[in-house]
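Atoms considered below: every heavy atom in the structure, side chains included; atoms not considered: hydrogens, waters and symmetry mates.
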Amino acid sequence: NIAAHLTMLHGAIPNEILPASQFMFVGPAWSISLEWQFYIVAPAVIWFAARQWGVALLMAATIVGLIAYNRGALGGFVLPSILFGASQWFAVGITTRMIIPLAPRLSRYPWEIIAVGLLLMVYSHGIFFPLLVWAALVSYMLVEQAEKPKDFPFHVVAILLDSKAARYMGERSYAVYIVHLPVIFVIVYILRVVFGLGSLRLFEASLILAPLVILISSEIIHRAVELPATSFGRRLSRRAPQSAVRTN
């Protein structure tokens, strides 16, 4: 258990202690380490967020931690895999989840505003790209459902995001993200070392095999890990209020 917990927290270790710690076990798993750090502090965050003074304290702690991270006071990191390094994105996600139910609905998609945002992103060397993607998706969610099919470009976007194929891949996207590099490494090793393929043949075979193996692997992870874990979490959340009532 100790080894498992240390593995999940490897992204929080600076390079001065463990060089390239974010990629030490499975490269894409640095984001799991980041999420695990948030899960550890989430109960405290929820407790503080329920109090007006607690919200102010959380905001101050986030700003101070982010400044400390940007100045290197927390150590060196190749990626923002320590919680304070990505705290602004957690704040954006939490705030979005809280305000979307209260936000006014849009009668049409704001193409002009998104286009202006894209132009500003180009002139700012793309530093606002994540926020632009966030704004585009939030705008998509706020457009009234009945209005979506009436706008041809928006209808195309709706097909890409809401079709059965898009939802199928979206549900397995994180599993694809986690397994894609290990699968590619193993396939390339087997084709090169075991079968001795040259560069061109290796590329052609990998181009065919890798997507197939990645999809199969992600499907297995989705069914064997993600769905049972989601079901377990829902059972816990249903029992939590009842337990609280009995305790009180």
- Query: W89 and L131: side chain to side chain contact (heavy atoms under 4.5 Å, CB included), yes or no, with the steps?
  - Reply: CA-CA 9 Å; W89 304 118; L131 291 176; 3.6 Å; yes

- Item | Worked verdict on Y174 versus S31 for side-chain hydrogen bond (donor to acceptor under 3.5 Å, both in side chains) | CA-CA 10 Å; Y174 198 77; S31 59; 2.8 Å; yes

- Message: Under the criterion side chain to side chain contact (heavy atoms under 4.5 Å, CB included), I'd like the reasoning laid out for L57 against R51: C-alpha separation, chi angles, the key distance, then a yes or no.
- Response: CA-CA 10 Å; L57 187 61; R51 294 154 175 81; over 6 Å; no

- Residue pair L118, M121: steps toward the side chain to side chain contact (heavy atoms under 4.5 Å, CB included) verdict: CA-CA 5 Å; L118 181 62; M121 186 198 73; 3.6 Å; yes

- Give the C-alpha distance, both sets of side-chain angles, the deciding distance and a yes or no for side chain to side chain contact (heavy atoms under 4.5 Å, CB included) between R167 and D162. CA-CA 6 Å; R167 291 180 179 272; D162 284 335; 3.3 Å; yes

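For the side-chain contact (heavy atoms from CB on, under 4.5 Å) criterion with S217, the lone passing option out of I220, V213, I214 is V213.
The cationic atom of R201 (NZ for Lys, CZ for Arg) does not lie both less than 6.0 Å from the six-membered ring centre of F203 and within 45° of the ring axis.
Of the possible donor and acceptor atoms, none in the side chain of S231 sits under 3.5 Å from a partner among the backbone N and O of L227. Between the side chain of Q37 and the backbone N or O of L83, at least one donor-acceptor pair lies under 3.5 Å. For the pair R172 (side chain) and S218 (backbone), a donor-acceptor distance under 3.5 Å is absent. Counting only distance, with no hydrogens or angles, the side chain of R192 and the backbone of L197 share a donor-acceptor pair below 3.5 Å. Panel note: side chain Y109, backbone A136; a donor-acceptor pair is recorded below 3.5 Å.
No side-chain donor from either of S87 and Y69 sits under 3.5 Å from a side-chain acceptor of the other.
Looking at heavy atoms from C-beta onward, P110 lies in side-chain contact with S139 at the 4.5 angstrom threshold. Counting heavy atoms from C-beta outward, F84 and L66 have side chains that stay 4.5 Å or more apart. Between I208 and E204, every side-chain heavy-atom pair lies at or beyond the 4.5 Å cut-off.
Note: Y39 and W36 have perpendicular aromatic rings, judged against thresholds of 30 and 60 degrees for the angle between ring planes.
Taken to the nearest 0.5 Å, the CG atom of L119 stands 13.0 Å off from the CD1 atom of I114.
Between F38 and F90, the ring center distance clears the sub-6.0 Å criterion.
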